[in-house]
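Working notes, structure below.
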Amino acid sequence: MSALDEEIHDLLRFAARRSMLPRFQQLADHEIEMKGEDDPVTVVDQEVENFLTEALTKLAPGVAVVGEEAAHKDESVLEHLSGQCWIIDPLDGTANFTEGKEPFGIIVALADAGKAVAGWLYDPVKDRLCHTKAGEGAFVNGEKVTAQTTGDTPPVAAISRIFLTEEQRAQVDAKLAPHYSLVDIPRCAAEQYPRLALGENDVSSFKRTYAWDHAAGVLWLNEAGGKAARLDGSDYRVDEQGKPGLVGASSPAIWDEFIGRVLNPPG
């Protein structure tokens, strides 16, 4: 790993071991709040974000920091997404964490002019770091990886129904269920993107596309030779927070086939 990757890995490991792992399956009720329906936040989210914000600011003075919790409290923070900035998801998979189950992780991305240029997805239980820099490939703990499919027929599609309307759920049943083996998502982008490159899932779709969830994973999957893009094939930008729809796949061919089925009538 590069010196920067080692530095980020050390920061993520320290944050997880200090704030996250000691509280896993030990959270008290008063340490959990709800930001919205089905959207919990914990004392861990805030502790990790505070630590990483301070550490990354020291590491790169002058580079803005966009943290999920800071943006929730003050939407003006999102204005930094169009410039050079760090993007932090301090506890990805918070719902899982509050229920005392895996997976969960920490995600950090570095972006410039609306595009991710580096990313780190950390699983603290496995001590697994998926990391990437634009144009340099995708890595897991320093070992370069190439995206692989499951090899299953039909392909495995991880589809979230959580934020879909009834009409959209019906479309999933009509357009996708006959052609894919549908599985649940892990509710953790730090886990879902690795699944798309490491042979566990072939394709996954996302309705909500917040930068802290997807900036690092999109870059990592694309650098691995898979494909992650908007439904119209355009690149994912971190500063398009409100734009829905994103698909990731273990290969461009699987991405193309999936999009064809989503956009065309069943038949």
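One is the number of the first residue; the rest follow in order along the sequence.
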(message) Between H131 and W220, is the side chain to side chain contact (heavy atoms under 4.5 Å, CB included) condition met? List the steps.
(response) CA-CA 7 Å; H131 53 104; W220 183 83; 5.7 Å; no
(request) Determine, using the 4.5 Å side-chain heavy-atom cutoff (strictly less than), whether V238 and F206 are members of one ILVMFWY cluster. (result) yes
(request) Check Y122 against A16 and note the closest heavy-atom contact, atom names and distance. (result) CE2-CB, 4.1 Å
(message) Testing the basics here: between I107 and A216, what is the closest heavy-atom pair and its distance to 0.1 Å?
(response) CG2-CB, 3.6 Å
(request) Ignoring hydrogens and angles, tell me if any N or O in the side chain of Q25 forms a donor-acceptor pair with the backbone of G100 under 3.5 Å. (result) yes
(request) Determine yes or no for a side-chain-to-main-chain donor-acceptor pair under 3.5 angstrom, with Q84 supplying the side chain and A113 the backbone. (result) no
Ion pair present between [X] and [Y], side-chain N to carboxylate O less than 4.0 angstrom?
| X | Y | result |
| --- | --- | --- |
| K35 | E69 | yes |
| D235 | K115 | yes |
| E191 | R128 | yes |
| R230 | D232 | no |
| R23 | E47 | yes |
| R13 | D127 | yes |

Could you pull out every donor-acceptor pair under 3.5 Å between side chains of residues 70-79 and any protein atom, sequence neighbours left out?
{"from": "K73", "atom 1": "NZ", "to": "Q46", "atom 2": "OE1", "distance (Å)": "3.0"}
{"from": "D74", "atom 1": "OD1", "to": "S76", "atom 2": "N", "distance (Å)": "3.1"}
{"from": "D74", "atom 1": "OD1", "to": "S76", "atom 2": "OG", "distance (Å)": "2.7"}
{"from": "D74", "atom 1": "OD2", "to": "S76", "atom 2": "OG", "distance (Å)": "3.0"}

Return the [atom1] to [atom2] distance between [X] and [Y], rounded to the nearest 0.5 Å.
| X | Y | atom1 | atom2 | result |
| --- | --- | --- | --- | --- |
| K144 | T132 | NZ | OG1 | 9.5 Å |
| F258 | Y180 | CZ | OH | 6.0 Å |
| L221 | L196 | CG | CG | 5.5 Å |
| C85 | L56 | SG | CG | 11.0 Å |
| D123 | L12 | CG | CG | 11.5 Å |
| S82 | E240 | OG | CD | 9.0 Å |

(message) Taking the side chain as everything from C-beta on, heavy atoms only, tell me whether M34 gets closer than 4.5 Å to V41.
(response) no
(message) Side chains of D45 and T42 only: does a donor on one sit below 3.5 Å from an acceptor on the other?
(response) yes
(message) Going by the rule side chain to side chain donor-acceptor pair (under 3.5 Å), which residues pair with N96 if we only count those two or more places apart in sequence or in a different chain?
(response) none
